[in-house]
Protein chains: 2
Amino acid sequence: MEKAKRPPRGTRKRDVPLTEAGIYVAALRLIDADGVEALTMRKLATALDANPMSLYHHVPNKDAVLRGVARMVGTQFRTVTLEDAPWQERIRLLATDFRTLAHRHPKLMAYSFSHQADFIQPEDPFWAALTAILDAAGVPQSELPQITALVGAVITGVLTAELNGALHRWLSLASPTVGEDGPIHDENCMFRLTLDTIITGLEGRLATNGDGRGADH
Amino acid sequence: MEKAKRPPRGTRKRDVPLTEAGIYVAALRLIDADGVEALTMRKLATALDANPMSLYHHVPNKDAVLRGVARMVGTQFRTVTLEDAPWQERIRLLATDFRTLAHRHPKLMAYSFSHQADFIQPEDPFWAALTAILDAAGVPQSELPQITALVGAVITGVLTAELNGALHRWLSLASPTVGEDGPIHDENCMFRLTLDTIITGLEGRLATNGDGRGADH
DNA sequence: ACCTGAACACCGTTCAAGT
DNA sequence: ACCTGAACACCGTTCAAGT
């Protein structure tokens with residue numbers, strides 16, 4: 001009879017204690033599947049095979065769950081730093097790596113970009129790398145914060161438009177012949193095109209402001 | 001006793017029948033004040049001095065209310081078209097006019113940019129004007145949809161970062177001396193800087209692709 | 001320390017009933 | 001045609017009580 005204290009194998013998903021990290025992992029799985037707006041403390045508890053109220057012993061509220069998940073995903077970001085490559089190529093690589101992460105959890109990232117003003121922080125690897133590259137490119141110290149913010153805003157902006165489908169709509173409605181190689185191909189091109197255009201714009205700015213070349217080391 | 005059918009003046013706000021347009025106007029007022037996430041069918045009904053269920057006779061559901069409000073605000077967009085000004089100046093004016101509208105209803109616009117992939121449609125005045133300007137600038141027909149989407153994505157992207165506060169955070173955390181003339185000044189500069197950079201980038205692209213000047217007519 | 005059931009104050013929406 | 005009350009199926013969160 002004491003075996004009855006636990007339901008038979010297969011009905012009980014959780015035989016591991018509730019943890020903050022475990023809650024975030026489960027929440028991310030639900031978000032990836034159904035979107036942020038479908039995430040519910042009650043559903044999350046069900047997914048963890050727990051009582052809804054038990055979650056509140058590990059997490060203060062729902063907003064903290066969303067911030068925790070975003071933070072967990074954010075720390076997964078890694079990029080190789082090609083110190084001796086030209087800054088144009090380094091920006092392209094950084095942005096592409098960031099986009100790869102965004103594609104891994106599109107629903108969460110679309111939400112974070114628009115709802116979490118503090119999702120990308122100046123101390124984050126992405127921001128630090130971006131600042132370092134632009135510094136190496138020869139952007140004057142006085143303009144570095146603004147230029148970094150500009151490039152950051154453009155990258156997250158075009159990514160948001162891609163993740164929420166606006167980019168795809170604009171392309172497919174404007175020219176019905178688009179998308180022959182699939183929407184992913186179009187959006188690869190659009191991302192690349194946007195990067196190239198902003199890079200060209202920066203080159204122009206650097207050329208008028210100085211010698212247009214950063215200190216090589 | 002028959003006077004009691006209506007509460008005394010001042011307690012009853014609505015003595016005009018419920019309308020679809022009236023619902024949108026009231027919803028916009030609530031959104032401007034408290035944000036989209038605070039809008040509730042029940043609060044909306046209270047603001048209109050109506051029973052919550054009465055709304056459903058004029059509007060199918062809450063999502064339709066949000067789309068209706070966004071559409072109502074979107075049609076307010078107007079810009080002057082300076083046919084004979086250089087395309088750079090025309091883009092700057094168009095983008096600035098659009099930003100002015102966004103500042104009039106920041107909460108709604110931030111929501112629409114990230115949640116309504118169809119908020120800006122290719123038939124809208126904004127999109128049509130943008131396409132016309134880029135066409136006049138000499139962008140080849142084959143690239144016109146992509147370049148328009150690129151400029152549109154960049155403008156809405158930087159606007160989103162401004163409206164949700166991310167831009168301000170990036171600037172103020174990166175350089176503590178920022179904001180001496182107030183955040184609005186900073187964000188004016190950032191918007192202008194982004195526009196100028198993207199325009200310089202387009203100039204570079206046009207220069208390599210052709211004679212770098214559109215047909216004047 | 002960790003979990004839980006009941007409860008509270010909300011939601012959006014359906015539906016049958018009123019005028 | 002337009003409005004309404006009651007009800008349903010949900011929410012996030014508090015709190016007192018259990019182990």
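Sequence lines set the chain letters: A, B, ... in the order given, protein chains first and strands last, and positions in each chain run from 1.
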Is there a side-chain contact (heavy atoms from CB on, under 4.5 Å) between A:R192 and A:D196 once you walk through the steps? CA-CA 6 Å; A:R192 178 65 182 229; A:D196 287 347; 3.4 Å; yes
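If you measure from atom CD of A:E37 to atom P of D:dC10, you get 17 Å, rounded to the nearest angstrom. The interatomic distance linking A:D63 (CG) with D:dC11 (P) rounds to 18 Å, in whole Å. Rounding to whole angstrom units, CG of residue A:L39 and C1' of D:dG12 are separated by 12 Å. Distance B:Y56 OH to D:dA6 P: 18 Å, rounded to the nearest Å. To the nearest angstrom, C1' of D:dG12 lies 12 Å from CG of A:L66. In this structure, CG of B:L44 is placed 14 Å from C1' of C:dC11, rounded to the nearest angstrom. Atom CG in B:N51 sits about 17 Å away from atom P in C:dA17, given to the nearest Å. Atom CG of A:D49 is separated from atom C1' of C:dT4 by 14 Å (rounded to the nearest Å).
In this structure, A:S54 does not reach the C:dC2 phosphate: none of its side-chain N or O atoms is under 4.0 Å from OP1 or OP2.
Across all strands, B:M41 comes closer than 4.0 Å only to sugar-phosphate atoms, never to a base (heavy-atom distances).
Closest contact between the side chain of A:N61 and the listed nucleotides D:dT13, D:dC11, C:dT13 involves D:dT13. Here the side chain of B:H57 is nearest to one of D:dC3, D:dG5, C:dT14, namely D:dC3. Across D:dT4, C:dG12, D:dG12, the shortest atom-to-atom separation from the side chain of B:M53 is found for D:dT4. Checked against C:dG12, D:dC3, D:dT14, the side chain of B:H58 finds its nearest nucleotide in D:dC3. Among the nucleotides D:dT13, D:dT4, C:dC11, the one closest to the side chain of A:R42 is D:dT13.
In this structure, CZ on B:F113 lies 11.0 Å from CG on A:N164, to the nearest 0.5 angstrom. Once rounded to the nearest 0.5 Å, the distance linking NE2 of A:H105 with CG of A:L28 reads 4.5 Å. Remark: B:F126 CZ to B:F77 CZ distance equals 6.0 Å, nearest 0.5 Å.
Under 3.5 Å, the side chains of A:N188 and A:R99 contain a donor-acceptor pair of N or O atoms. Using modelled atom types and a 3.5 Å distance limit, the side chains of B:Q141 and B:D135 yield a donor-acceptor pair.
Annotation: B:R169, atom CZ; neighbour count of heavy atoms from other residues, nucleotides and ligands within 6.0 Å is above 12.
Taking a pair as Watson-Crick or G-U wobble with both distances under 3.5 Å, the runs of three or more consecutive pairs in DNA chain D are C:4-8 with D:12-16, C:12-16 with D:4-8.
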